[in-house]
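Beneath this line is the structure, given in structure tokens, with notes to follow.
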Amino acid sequence: MSDAASSPPHALSLRIAHLYPDVMNIYGDRGNAIALQYRCEARGIAVEVVDIRLGDPFDPAAFDIVIIGGGQDREQRRIAEDLQSRAEALRAAATDGMPMLAVCGGFQLFGRRYVDQDGGTIPGISIFDMETRHPGAAVQRCIGDIVLTTPLGEVAGFENHGGRTYLADTQAPFGRVVRGYGNNAEDGGEGARTNNVIGTYLHGSLLPKNPAIADELILAALRRRCGEAVTLTPIDDAAEQAAHTSAVTAARRSPAIKKDP
Ligand code: GLN
């Protein structure tokens with residue numbers, strides 16, 4: 001068994017592609033890149049975070065992790081064509097097991113399509129079998145603290161979206177809502193997961209206060225590069241664990257939501 005920090009099979013270094021960080025970055029989604037970098041470097045794993053902006057050359061095969069944050073309808077429209085030009089390469093990387101994290105507006109565009117607030121259709125890249133529809137400005141947005149149960153434990157964050165996401169029957173969610181709205185305020189599902197790709201509505205930012213999710217992405221990236229035997233060295237993350245506990249506790253205290261009529 002090789003240990004990622006003390007006896008790496010060779011000098012470890014991960015490359016993270018951060019898609020459209022200047023456009024898709026609300027509620028501190030950039031913190032996801034910082035958390036990944038921090039938790040790698042604490043284990044002696046070098047990290048290069050590369051910002052991929054509109055029009056930049058981008059070959060997913062040259063990266064280990066891909067992340068994208070949230071943005072409102074306007075920002076989603078700004079990136080849609082550029083993202084579409086990278087759809088095939090991103091789908092191939094996802095099928096090949098590359099870990100990715102897509103949050104909120106980014107998550108919506110990892111599905112088949114997003115029908116926005118004005119009724120216009122923004123095509124997605126179909127990594128997830130799902131679609132999102134915005135019911136219009138008159139309908140209440142899904143806003144507040146949220147906590148989920150997931151196969152990786154409880155996950156807490158903050159959601160703020162108008163769009164309602166509906167997964168195909170065969171599409172796995174990321175988690176089940178304990179408190180909050182989740183994908184559509186109806187079926188109790190939150191986010192989506194396919195292979196090592198996680199999509200979720202949770203801002204917060206997500207990874208700094210949900211270190212288990214950060215480690216899931218890092219471990220998947222290392223195993224893809226170095227083999228299944230790689231394990232992650234525990235790090236001193238008492239502060240992150242305390243932040244997680246406090247976020248879960250706060251979200252659990254928030255009132256149960258009223259379902260959409
Ligand atoms: N524009 C989308 C919606 O309101 C996504 C919002 C977001 O990323 N916070 O549904």
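For the single chain, residues carry numbers from 1 onward in sequence order. Whatever order the structure lists them in is the order used to number ligands and atoms, beginning at 1.
Q108 OE1, 3.3 Å is the protein heavy atom nearest to atom 2 (C) of ligand 1. In this structure, atom 10 (O) of ligand 1 lies nearest to the protein heavy atom G163 N, 2.7 Å. Atom 1 (N) of ligand 1 has its closest protein heavy atom at D73 OD1, 2.7 Å. When hydrogens are left out, the protein atom nearest atom 4 (O) of ligand 1 is G162 N, 3.0 Å; that is the closest non-hydrogen contact.
Closest approach of E228 and R223 over heavy atoms only: O-NE, 3.1 Å.
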Would you tabulate the side-chain donor-acceptor contacts of residues 244-251 under 3.5 Å, counting partners in other chains and residues two or more places apart, or write 'none'?
unit_1, atom_1, unit_2, atom_2, d
H244, NE2, E154, O, 2.8
T245, OG1, Q241, O, 3.0
T249, OG1, T245, O, 2.7

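By the criterion of side-chain heavy atoms lying less than 4.5 angstrom apart, applied directly or through intervening Ile, Leu, Val, Met, Phe, Trp or Tyr residues, V177 is grouped together with F174 in one hydrophobic cluster.
Remark: R15 qualifies as a cation-pi partner of F63 under the 6.0 Å distance and 45° angle criteria applied to the six-membered ring.
The Q76 neighbourhood of ligand 1 comprises atoms 1 (N), 2 (C), with distances under 4.0 Å to a heavy atom of that residue. Those atoms of ligand 1 that come under 4.0 Å of a heavy atom in G105, given as number and element, are 5 (C), 7 (C), 8 (O). For ligand 1 and I26, the ligand atoms under 4.0 Å from any heavy atom of the residue are 7 (C), 8 (O), 9 (N).
The side chain of Y114, and not its backbone, has at least one atom closer than 4.0 Å to an atom of ligand 1 (non-hydrogen atoms only; side chain from C-beta on).
Between the side chain of N210 and the main chain of A156, a donor-acceptor pair closer than 3.5 Å is present.
Listed by chain and residue number, Q76, Y201 satisfy the side chain to side chain donor-acceptor pair (under 3.5 Å) test with Q108 (two or more places apart in sequence, or in another chain).
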